[in-house]
Protein chains: 2
Amino acid sequence: MPNIRSPDSTALDRGFHALADATRRGVIARLAQGEASVADLAAPYDMALPSFLQHVRVLEEAGLISTVKTGRVRTCRLEAERLAALNRWIAEYEAGWAARLDRLGDILDRKGDTQ
Amino acid sequence: MPNIRSPDSTALDRGFHALADATRRGVIARLAQGEASVADLAAPYDMALPSFLQHVRVLEEAGLISTVKTGRVRTCRLEAERLAALNRWIAEYEAGWAARLDRLGDILDRKGDTQ
DNA sequence: ACGAATGTTAGGCATATACCTAAGTAACTC
DNA sequence: GAGTTACTTAGGTATATGCCTAACATTCGT
């Protein structure tokens, strides 16, 4: 039986994985207010810079942020479109029309039992 | 300097982590069409059942699905509200008003260069 | 050119994740 | 009550993740 994995699954894998960490979500929240350097982004965290840089790379490889190095400063920017893509994946199932129909079915069944 | 992590971050951690895997996203997609047993859910995947069950547990601990055992069958259902909560987190930053302003700035700058 | 600022690379450690096989347990089915 | 079904538990391996320190590279200010 073939595996159901689709070829583009890694984009979602990386995207959601990138969001599954408070530090990285903090970076995104900060970048939503405008661009920032790595040092600026790292400042609130009690973490060695190399460790923090790893998080930045995870975000960049997920496409959630882009960075440019100018002189010795690397400036980071939020890539809202990629974030939107993740949101779209969720939205497709979040609507939950089927789930609601199931629940409606349950409710009707229960009504039938008691009346 | 204090760490910025908020106390409830584990809910988002677990939620997004749960979505960061194609098998688990497949389960969600399937459950969006209605309830299903573990065996039903596992059928499309070329994976030992214990391995698959781990994925189910990850989803359940993230609150993305709920399960009930009736007799020897465990039935799984999508918890759309939790999915919606993740979507809400993304939506807050996806809007990207700040990012758009930045880009608008870039565009205006470039216009200024060429005209 | 010298020192400080801003990353970056290299290497290492502890825990978590994703998979497996083998061996249960509990509940229908006959 | 014996077998089959549908999980479940136990235990093991390989890789990935998240953190660290130490040392290097580059650029900026004076």
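First the proteins, then the strands, lettered A, B, ... as listed; each starts at 1. Every heavy atom of this structure was used, including side-chain atoms; hydrogens, water molecules and symmetry mates were not.
Two residues, A:F52 and B:A39, neighbour DNA chain D, and the one matched to the more 5' nucleotide by heavy-atom proximity is B:A39. When each of A:T70 and A:H17 is assigned the nucleotide of DNA chain D with its nearest heavy atom, A:H17 is the one assigned upstream, toward the 5' end. Annotation: of the two residues near DNA chain C, A:Q54 and A:R74, the 5′-most nearest-nucleotide partner is A:R74.
For the residue pair B:S66 / B:E79, a side-chain donor-acceptor distance below 3.5 Å is found, with atom types taken as modelled.
Counting only heavy atoms from C-beta on, B:M47 has its side chain closest to C:dC19 among C:dG7, C:dC19, D:dT8. The listed nucleotides are D:dC19, D:dA6, D:dT17; the one nearest the side chain of A:H55 is D:dC19. Residue B:S37 has its side chain nearest to D:dC7 when only C:dT8, D:dG18, D:dC7 are considered. Of the candidate nucleotides D:dC7, C:dT17, C:dT21, C:dT21 has the atom nearest to the side chain of B:P50. Considering only the side chain of A:R24, D:dG18 comes nearest among C:dA18, D:dC20, D:dG18.
The nearest whole Å value for the distance from the NZ atom in B:K69 to the P atom in C:dT25 is 13 Å. Computed from coordinates, the A:E60 CD to C:dG7 C1' distance equals 14 Å when rounded to whole Å. Atoms CG (A:L53) and C1' (D:dT26) sit 15 Å apart, rounded to a whole Å. One atom, CG of B:D21, and another, C1' of C:dA16, lie 14 Å apart when rounded to the nearest Å. Between the CZ atom of B:F16 and the P atom of D:dT17 there is a distance of 18 Å, given to the nearest Å. Rounded to an integer number of Å, the gap from CG of B:D13 to P of D:dT17 is 15 Å. Distance A:R14 CZ to D:dT17 C1': 14 Å, rounded to the nearest Å. One can place CG of A:L49 at 15 Å from C1' of C:dA10, the figure rounded to the nearest angstrom.
Using a cut-off of 4.0 Å between Lys/Arg side-chain N and Asp/Glu carboxylate O, B:E81 and B:R88 are scored as salt-bridged.
The end-to-end axis angle of the helix from C:dA1-D:dT30 to C:dC30-D:dG1, rounded to 10 degrees and based on five pairs per end, is 30°.
Phosphate proximity of C:dC20 to B:S51: present, with a side-chain N or O under 4.0 Å from OP1 or OP2. Look at A:R57 and you'll find a side-chain N or O under 4.0 angstrom from OP1 or OP2 of C:dT9.
Distance check: B:L19 CG to B:L59 CG gives 8.0 Å after rounding to the nearest 0.5 Å.
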Exercise. Evaluate the criterion side-chain hydrogen bond (donor to acceptor under 3.5 Å, both in side chains) for residue pair A:E60 and A:T67; output intermediate values, then yes/no.
Key: CA-CA 7 Å; A:E60 189 169 16; A:T67 76; 3.0 Å; yes
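A donor-acceptor pair under 3.5 Å links the side-chain atoms of B:R82 to the main chain of B:A62, judged by distance alone. A donor-acceptor pair under 3.5 Å links the side-chain atoms of B:R24 to the main chain of B:H17, judged by distance alone.
A:V58 and A:V56 are not part of a single hydrophobic cluster, where members link through side-chain heavy atoms under 4.5 Å apart. A single hydrophobic cluster is not seen to contain both B:L78 and B:V73; linkage of ILVMFWY side chains at heavy-atom distances under 4.5 Å, directly or through other members, places them apart.
With hydrogens and angles ignored, a donor-acceptor pair closer than 3.5 Å exists between the side chain of A:R72 and the base of C:dA5.
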